[in-house]
Amino acid sequence: MTNRYVDVECVVQNLRRASRLVSRRYEQALKPVNLTASQFTIFQSLTGRKGLPQGRMADILGFEQTTLTRLLKPLEKRGLVLIEPNPKDRREKTVRLTKEGEALFKEAKTLWKAEQEKSLDELNDEEWQAVKGALRKLSEI
């Protein structure tokens, strides 16, 4: 197996490269509201919920617990999320958006939507459905 094969055919290398480059575009779009793409996905997971246990959120987003904690700290410091002991299990913490977080998410969603439309314009519907299906299939392994 040559390096050329690994460069071209390696699933993880291709996925990570695409992920980094696409994430960079979304992060640039979200810069005006000072959110990373990962933090934006946290906001998305909290939208419409009164709270979400931190462990459940990590599972939904595919984050390690330590990564999620690291991403939540600046959001909590900015007053955008509230992290409290779970009333049903005091060992676990529940995360919810504050009013300020909800307002910022509304603004961020507008920026995200513009970048989302640009990204989807680069693929036709059939290509996007194929990519989305392949990603879901790979993430279920």
Donor-acceptor under 3.5 Å (Glu127 side chain, Asn124 main chain):
yes
Just by modelled atom types, is the Phe63 backbone N or O under 3.5 Å from a matching donor or acceptor in the Thr67 side chain?
no
Taking only residues two or more places apart in sequence, or in another chain, which ones meet Lys132 in a salt bridge (charged side-chain N to carboxylate O under 4.0 Å, His left out)?
none
By salt bridge (charged side-chain N to carboxylate O under 4.0 Å, His left out) - contacts of Glu126 (at least two apart)
none
Quick one, Leu15 with Leu138, criterion side chain to side chain contact (heavy atoms under 4.5 Å, CB included). Give me CA distance, side-chain angles, the key distance, then yes/no.
CA-CA 10 Å; Leu15 284 173; Leu138 281 172; 3.9 Å; yes
Determine which pairs satisfy side-chain hydrogen bond (donor to acceptor under 3.5 Å, both in side chains) with at least one residue from [range], sequence neighbours left out, and list them in order.
| range | result |
| --- | --- |
| residues 91-105 | Asp89-Arg91, Thr98-Glu100 |
| residues 55-65 | none |
| residues 69-86 | Gln54-Thr69 |

May I have all residue pairs that pass salt bridge (Lys or Arg N to Asp or Glu O under 4.0 Å) and include part of residues 108-119, sequence neighbours excluded?
Arg25-Glu115, Glu115-Lys118
Give the minimum heavy-atom separation between Asn14 and Cys10, together with the two atoms involved.
ND2-O, 2.8 Å
Tell me the closest heavy-atom pair linking Ala37 and Ser23, and the distance in Å.
CB-O, 4.4 Å
State, yes or no, whether a side-chain contact exists between Leu72 and Ile83 at a heavy-atom distance under 4.5 Å.
yes
When clusters are formed by joining ILVMFWY residues with side-chain heavy atoms under 4.5 Å apart, either directly or through shared neighbours, do Tyr26 and Leu123 land in the same one?
no
Are Ile60 and Leu71 linked, directly or through other ILVMFWY residues, by side chains that come within less than 4.5 angstrom of each other?
yes
Starting at NZ of Lys106, measure out to CG of Leu111 and round the result to the nearest 0.5 Å.
13.5 Å
From Ser19 atom OG to Arg24 atom CZ, the distance as rounded to the nearest 0.5 Å:
10.5 Å
Who pairs with Val131 by side-chain contact (heavy atoms from CB on, under 4.5 Å), at least two apart in sequence or on another chain?
Trp128, Leu135
With Ala108, which residues qualify under side-chain contact (heavy atoms from CB on, under 4.5 Å), at least two apart?
Leu30, Val33, Leu35, Phe40
Extract all donor-acceptor atom pairs below 3.5 Å that involve side chains of residues 41-53 and protein atoms in other chains or at least two apart in sequence.
unit_1 : atom_1 : unit_2 : atom_2 : d
Thr41  : OG1    : Ser38  : O      : 2.6
Ser45  : OG     : Ile42  : O      : 2.7
Thr47  : OG1    : Phe43  : O      : 2.9
Arg49  : NH1    : Ser45  : O      : 2.5

